[in-house]
> 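Please read through the structure below; I'll follow up with questions.
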Number of protein chains: 2
Amino acid sequence: MKKKVTIYDIARELNVTVSTVSRALNDSKSISKETKEQVRDMAKKMNYSPNKLAASLKSGKTFTIGVIVPSARVQFFASVIHSMEDHLKSAGYGILLYQTNESLESEKQGVKTLLEAQVDGIIASLSLETETDVSHFHEVIRQGKALVLFDRSFEGLTVPSVTLNDFKAGYMAAEHLLKKGFKEILYMAPVQNIGIFRRRKEGFIAALKDYCVPNPEEKIHYGTLSIEGGRTFIRDLNDLPQAIIAGDDFTALGMLRELQERKNEKVAVMGFANEVFSEFITPSLTTIEQQPYKMGQECARLFLNMSQKNNIYDNPEEVVLEPILVKRASTK
Amino acid sequence: MKKKVTIYDIARELNVTVSTVSRALNDSKSISKETKEQVRDMAKKMNYSPNKLAASLKSGKTFTIGVIVPSARVQFFASVIHSMEDHLKSAGYGILLYQTNESLESEKQGVKTLLEAQVDGIIASLSLETETDVSHFHEVIRQGKALVLFDRSFEGLTVPSVTLNDFKAGYMAAEHLLKKGFKEILYMAPVQNIGIFRRRKEGFIAALKDYCVPNPEEKIHYGTLSIEGGRTFIRDLNDLPQAIIAGDDFTALGMLRELQERKNEKVAVMGFANEVFSEFITPSLTTIEQQPYKMGQECARLFLNMSQKNNIYDNPEEVVLEPILVKRASTK
DNA sequence: TTGAAAGCGCTACCAC
DNA sequence: GTGGTAGCGCTTTCAA
């Protein structure tokens with residue numbers, strides 16, 4: 001472990017000043033070609049590696065962006081992170097990852113930690129617990145740093161965001177089943193504090209109204225998002241409907257399994273998210289694709305846009321991606 | 001966007017020096033209780049947020065650790081990342097993420113970027129292209145920074161690592177099939193430059209020898225890891241064997257689908273990785289569980305261990321996790 | 001085109 | 001128990 005080489009070492013070696021070295025390394029136009037070459041050669045020769053920390057401290061830019069997600073293990077978020085990293089990396093930004101595990105407290109801590117790390121911005125998807133308390137995100141804005149929300153956003157925050165058209169997603173799901181001729185459709189609603197689930201539910205209701213199904217509100221049952229939640233949902237029903245819209249693909253899977261064990265496969269089931277497995281289970285699952293790759297890409301774009309502007313929160317762009325209906329066997 | 005509050009502001013307000021403020025904030029024992037309280041109250045009142053960058057520049061510790069993976073979208077790596085972040089966060093460390101997309105060039109760039117960001121260490125899983133050129137990792141070691149390799153490690157690097165007992169994994173897979181009475185077993189081998197695949201293959205061969213199956217080397221066919229790769233593998237066979245060990249679960253899935261379309265399900269198929277979907281496809285897939293959560297946890301532990309030692313590369317600990325055979329319907 | 005020097009915000013050593 | 005101050009490695013303004 002040798003001592004680190006700094007621009008001072010290069011300067012001394014070349015009998016110039018650090019200013020010159022710094023400028024040469026940064027390709028400043030006020031430095032002669034020869035000097036630049038000399039400096040670069042020496043830097044390479046001495047195995048120089050810049051300390052970005054020092055540069056950041058001085059310049060105020062870290063070229064690091066904090067990403068806050070409920071869990072990096074969930075396929076959807078994993079894909080978004082993957083996409084973000086790819087698109088941000090090419091613009092010179094690194095990603096500092098923080099998982100909230102669906103806890104508001106953890107989310108607050110995450111924002112605090114990331115701000116202390118002096119990230120240039122934060123891209124976040126809210127935890128399930130984040131109902132109305134978004135004060136921690138106001139701090140991000142107050143500091144003049146870029147904030148981009150995705151998927152699970154909060155309407156009270158006028159910041160750039162990338163979301164799915166959840167209303168339409170709910171509407172599409174219902175319409176698909178209605179067009180298939182199913183009349184008795186049950187809708188499984190997850191917690192309602194999150195806008196994404198609320199809007200989706202509203203889309204469902206709207207579709208039923210448009211198709212003249214009476215009392216759509218009565219079709220809504222609450223449930224838990226998980227395979228077991230899907231099983232429980234079925235068990236708790238007195239009569240089986242013709243079709244069920246589950247809160248996500250895992251829940252839909254649980255429902256399908258529970259139904260199969262009862263030798264009763266006559267119920268159409270669909271999910272949300274288009275997980276990797278959904279195509280491969282039996283029956284293959286009809287679901288709504290949420291475009292995680294596109295979402296990550298758009299988040300990166302919005303952030304990079306902001307990093308070029310002065311008044312970053314003027315007219316925040318709200319990208320709304322279109323849900324895509326993926327028809328498969330489970331609603332045949 | 002107000003000007004940032006620094007310890008100078010707090011010091012001025014309280015008529016003390018920055019040393020006092022710094023020490024009070026860091027809970028130094030040489031500061032009186034009263035002063036600490038005053039400082040903390042004032043810090044809170046002024047909405048002070050420390051600039052970790054400055055602290056890092058001075059102290060040389062960033063409490064940030066670089067994580068290099070082929071892709072954060074792959075379930076296995078997503079789970080490891082999830083686990084690492086959880087375990088490292090509680091020790092005060094943040095994760096700077098870098099994806100190589102299986103490219104050596106990108107991996108080198110990643111190491112460079114992370115080192116420039118002054119990470120305290122790097123936890124990495126090698127790209128498929130990283131055959132023998134690991135010079136970039138030597139640079140990490142040369143700088144005296146902690147390096148931990150996981151899953152896809154490199155035997156030439158004597159650094160702490162967390163891997164699966166791949167030999168045993170291959171052995172277990174073969175043994176499972178042999179015990180089921182299958183004699184004609186085909187083994188699909190992915191690229192061989194990566195130690196993990198080589199050792200696994202050797203385990204397979206050893207098992208066949210132990211069970212007195214002649215010419216085990218002839219049972220090995222090379223193939224590509226993907227659903228399509230699995231389909232192609234089947235198509236390219238002249239005769240179907242009794243059982244096949246695929247390179248991973250996706251490939252196994254491709255094989256199963258190809259076989260199903262031929263109305264020929266008499267071939268037992270198993271995979272590696274225990275993906276989320278493997279339990280839910282039909283037939284459910286026998287596979288080898290690679291314990292990603294445990295792996296992430298152990299990586300975190302090894303890193304934290306190193307961060308406490310002086311000679312961090314003395315007797316590097318090599319954690320080898322046991323593969324777990326998950327028996328399911330596909331090899332019934 | 002290059003040099004000198006201030007300073008980003010914090011820590012830690014040396015005084016007192 | 002507290003103060004003074006020299007840097008950490010870099011950028012950038014002002015001079016020359």
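Convention: sequence-line order gives letters A, B, ...; per-chain numbering from 1. Atom set for the values below is all heavy atoms of this structure, side chains included, hydrogens, waters and symmetry mates excluded.
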> Does the side chain of B:Ser59 get closer than 4.0 angstrom to OP1 or OP2 of C:dT11 through an N or O atom?
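No, B:Ser59 has no side-chain N/O under 4.0 Å of OP1/OP2 on C:dT11.
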> Using only side-chain N and O atoms of B:Thr6, determine if any of them is under 4.0 Å from OP1 or OP2 of C:dG9.
no
> At less than 4.0 Å, is any side-chain N or O atom of A:Asn26 found next to OP1 or OP2 of D:dT11? Yes or no.
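Indeed, a polar side-chain atom of A:Asn26 lies that close.
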> Measure from CZ on A:Arg23 to C1' on C:dG3 and round the result to the nearest Å.
8 Å
> Classify the nucleic acid contact of B:Thr35 as base, sugar-phosphate or nothing, counting any heavy atom under 4.0 Å across all strands shown.
sugar-phosphate
> Nearest-Å distance, CD1 (A:Ile10) to P (C:dG3)?
14 Å
> For B:Val16, report the nucleic acid contact type (base, sugar-phosphate, nothing); a contact means any heavy atom under 4.0 Å.
sugar-phosphate
> Any base atoms under 4.0 Å from B:Thr20, or only sugar-phosphate, or nothing? Heavy atoms, all strands.
sugar-phosphate
> How long is the line joining CG of B:Leu14 and P of D:dG1, in whole Å?
17 Å
> Looking at D:dC10, I'd like to know if its phosphate oxygens (OP1 or OP2) sit under 4.0 Å from a side-chain N or O belonging to A:Tyr48.
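Yes.
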> Does A:Tyr8 get its side chain close enough to the base of D:dC8, under 3.5 Å, for a donor-acceptor pair?
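When only heavy-atom distances are counted, A:Tyr8 does not reach the base of D:dC8 through any donor-acceptor pair under 3.5 Å.
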> With A:Lys52 as the cation and A:Phe63 as the aromatic partner, state whether NZ or CZ is under 6.0 Å from the six-membered ring centre and within 45° of the axis.
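The answer is no, since A:Lys52 fails at least one limit relative to A:Phe63.
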> Measure from NZ on B:Lys52 to P on C:dC10 and round the result to the nearest Å.
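Rounding to the nearest Å, NZ of B:Lys52 and P of C:dC10 are 10 Å apart.
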> Can you tell me how far P of D:dC8 sits from CD of B:Gln118, to the nearest Å?
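After rounding, the reported distance stands at 14 Å.
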> Categorize B:Ser19 for me: base, sugar-phosphate, or nothing, with a 4.0 angstrom heavy-atom threshold over every strand shown.
base
> Compare side-chain N and O positions of B:Ser32 against OP1 and OP2 of D:dT2 and report whether any pair is under 4.0 Å apart.
yes
> Between the side chains of A:Ser106 and A:Asn101, does any donor sit under 3.5 Å from an acceptor?
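Looking only at side-chain atoms, A:Asn101 and A:Ser106 do not form any donor-acceptor pair under 3.5 Å.
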> In whole angstrom, give the distance that lies between atom NZ of B:Lys58 and atom C1' of D:dG7.
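After rounding, the gap between these two atoms is 4 Å.
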> I need the single residue from B:Leu115, B:Leu157, B:Val134, B:Val159 that forms a side-chain contact (heavy atoms from CB on, under 4.5 Å) with B:Val140. Which is it?
B:Leu115
> Quickly, which of A:Phe303, A:Tyr93, A:Tyr293 forms a ring-ring contact (aromatic ring centres under 6.0 Å, His included) with A:His87? Name it, please.
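Per the ring-ring contact (aromatic ring centres under 6.0 Å, His included) rule, the option paired with A:His87 is A:Tyr293, out of A:Phe303, A:Tyr93, A:Tyr293.
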> B:Ile31 side chain: which of D:dG9, D:dC10, D:dT2 is closest?
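Looking only at side-chain atoms, B:Ile31 lies closest to D:dT2.
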> Just how far, in rounded Å, is C1' of C:dG7 from CD1 of B:Ile7?
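After rounding, the reported distance stands at 14 Å.
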> Look at the side-chain N and O atoms of B:Ser22 and state whether any lies under 4.0 Å from the OP1 or OP2 oxygen of C:dC10.
no
> Under a 3.5 Å threshold, yes or no: a donor from one side chain and an acceptor from the other, between A:Ser56 and A:Gln118?
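Distance-only check fails for A:Ser56 and A:Gln118.
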> Please state how far atom CD in B:Glu116 lies from atom P in D:dG9, giving the value in whole angstrom units.
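Taking atom P of D:dG9 as the reference, CD of B:Glu116 is at 15 Å.
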